[in-house]
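Since the structure comes first, as structure tokens, the remarks are kept for the end.
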Amino acid sequence: MLHFLKILFYDPIYNLFVFFIDFVPRHDVGISIILVILLVRFLIAPISKKAYLTQLKTKAIQPKVEEIKKRFGANREEQAKKLVALYQEAEISFSSILLLPFVQLPILISLYYIFAQSGLPLIKEESLYFFVSAPEKVNMLFLGLQNLSEKSIPFALIAGVVAYFQGTLLRGSMTPPSSGKPSFQHDLARSMEINMRYVFPVMIAVFSYTSSAIALYFMVSGVFSYIQESLLRKKFSSPTLKTTL
């Protein structure tokens, strides 16, 4: 299984990374990381778009969901039927939300091993495809400012801040319960919301401190996601969301 994942994810990304190092000016590893991230994010953009639009549509029909739960709270079977019918009417499918982590996680793990465990600036020539040449020089000094082989508190903090703003944009404000009174479900959702809004960025910052290259990954990937989600929110966040998709 690990060998399969290596062939499917690690080797292609590693070879792409090495190719960019040989291609970019001054053989800058940081610029190569950015190019790899942008290309990967571009390839998975259709899945990301569907996942984000699903979240927008789910939030748009939340008042109707709360109304159904209130009206059919005592009849779980009828409530489930009404919710399924509502999701079908709104053309909501959660497959993209479920698929996105399965696509991103192997890529993230591959990038982690490339940037944190690959032994840069040394190149593993045995992992290169026959048509990819090892660069004569590997420059770890990103834009002449930060050595990506070293830890960086500023980079880690920036990665955490980017994650916070991305999460804030994605989740928005909490929707109050339709009854106007707090419920266990609403309190649980709010607790999870607070944890995701504040704890997750801290975890990103801590993880980013293990490597400046990893921090750069989260910074660039987060900014790309923030821009993509901002454009989608601007285009599709409207009362006529369903008809515009």
Side-chain angles (χ1 to χ4, degrees), residues 1-52 54 93-142 147-151 155-156 159 162-163 166 200 203-204 206-225 227-229:
M1 182 64 178
L2 291 177
H3 182 66
F4 173 75
L5 292 176
K6 178 179 181 296
I7 294 175
L8 186 62
F9 292 99
Y10 177 88
D11 286 347
I13 295 177
Y14 185 75
N15 278 268
L16 183 64
F17 177 59
V18 172
F19 169 79
F20 280 136
I21 292 178
D22 194 34
F23 174 76
V24 301
R26 300 180 61 188
H27 307 287
D28 193 314
V29 168
I31 296 177
S32 303
I33 290 174
I34 293 174
L35 292 176
V36 170
I37 293 170
L38 292 180
L39 180 57
V40 170
R41 296 293 304 194
F42 177 78
L43 292 175
I44 67 173
I47 301 176
S48 300
K49 177 182 177 181
K50 289 183 179 179
Y52 186 65
T54 297
S93 172
F94 295 100
S95 58
S96 57
I97 294 180
L98 297 174
L99 179 61
L100 188 58
F102 284 101
V103 174
Q104 287 183 308
L105 187 58
I107 294 174
L108 176 58
I109 294 174
S110 298
L111 290 170
Y112 172 77
Y113 275 98
I114 289 172
F115 302 147
Q117 304 292 330
S118 65
L120 291 173
L122 297 178
I123 299 295
K124 296 181 179 180
E125 297 191 28
E126 67 275 11
S127 297
L128 298 182
Y129 297 144
F130 71 92
F131 53 84
V132 177
S133 302
E136 297 180 359
K137 180 183 178 182
V138 177
N139 180 16
M140 298 296 294
L141 198 61
F142 175 50
N147 190 330
L148 296 181
S149 63
E150 299 175 353
K151 299 178 180 179
F155 267 41
V162 170
Q166 181 192 355
F200 183 70
M203 293 175 58
I204 291 293
V206 172
F207 188 51
S208 295
Y209 184 63
T210 61
S211 167
S212 294
I214 295 298
L216 183 61
Y217 163 78
F218 282 117
M219 289 161 57
V220 176
S221 184
V223 168
F224 183 91
S225 296
I227 293 174
Q228 182 188 37
E229 290 161 8

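The CD1 atom of I34 lies 8.0 Å from the CG atom of D28; values are rounded to the nearest 0.5 Å. If you take CD1 on I21 and OG on S133, they are separated by 13.0 Å, rounding to the nearest 0.5 Å. In this structure, the separation between CD1 on I204 and OG on S221 is 9.0 Å, given to the nearest 0.5 Å. A distance of 9.0 Å separates CE in M140 from CD in E150, rounded to the nearest 0.5 Å. Rounding to the nearest 0.5 angstrom, the gap separating the CD1 atom in I31 from the CZ atom in F20 is 11.5 Å. If you take CG on L128 and CG on D11, they are separated by 9.5 Å, rounding to the nearest 0.5 Å.
What you find for Y10 and K124 is that their closest heavy atoms are OH-NZ, 4.0 Å. Of all heavy-atom pairs between N139 and L141, the closest is OD1-N, 3.1 Å. Nearest heavy atoms, I7 versus P12: O-CD, 3.3 Å.
By the 4.5 Å heavy-atom criterion applied to side chains, L38 and F42 are not counted as neighbours. Two residues are said to be in side-chain contact when any heavy atoms from C-beta on lie closer than 4.5 Å; F224 and I37 fail this criterion. Side-chain contact between F17 and V29 is present, with heavy atoms from C-beta onward closer than 4.5 Å. In this structure, Y129 and V18 have side chains that are not in contact, with every pair of non-hydrogen atoms separated by 4.5 Å or more. Between L148 and S211, the closest side-chain pair of non-hydrogen atoms is not below 4.5 Å. You'll find the side chain of S48 reaches within 4.5 Å of the side chain of R41, heavy atoms only.
Side-chain atoms of H27 do not come within 3.5 Å of backbone N or O of V138 as any donor-acceptor pair.
The salt bridge (Lys or Arg N to Asp or Glu O under 4.0 Å) search around D22 returns none, not counting sequence neighbours. The side chain to side chain contact (heavy atoms under 4.5 Å, CB included) search around A156 returns S208, Y209, not counting sequence neighbours. Contacts of V40 classified as side chain to side chain contact (heavy atoms under 4.5 Å, CB included), with partners at least two apart in sequence or in another chain: V36, I107.
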Residues V162, F218; criterion side chain to side chain contact (heavy atoms under 4.5 Å, CB included); working and verdict: CA-CA 8 Å; V162 170; F218 282 117; over 6 Å; no
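Annotation for F23: atom CZ does not count as buried by contact number, only 12 or fewer foreign heavy atoms lying within 6.0 Å.
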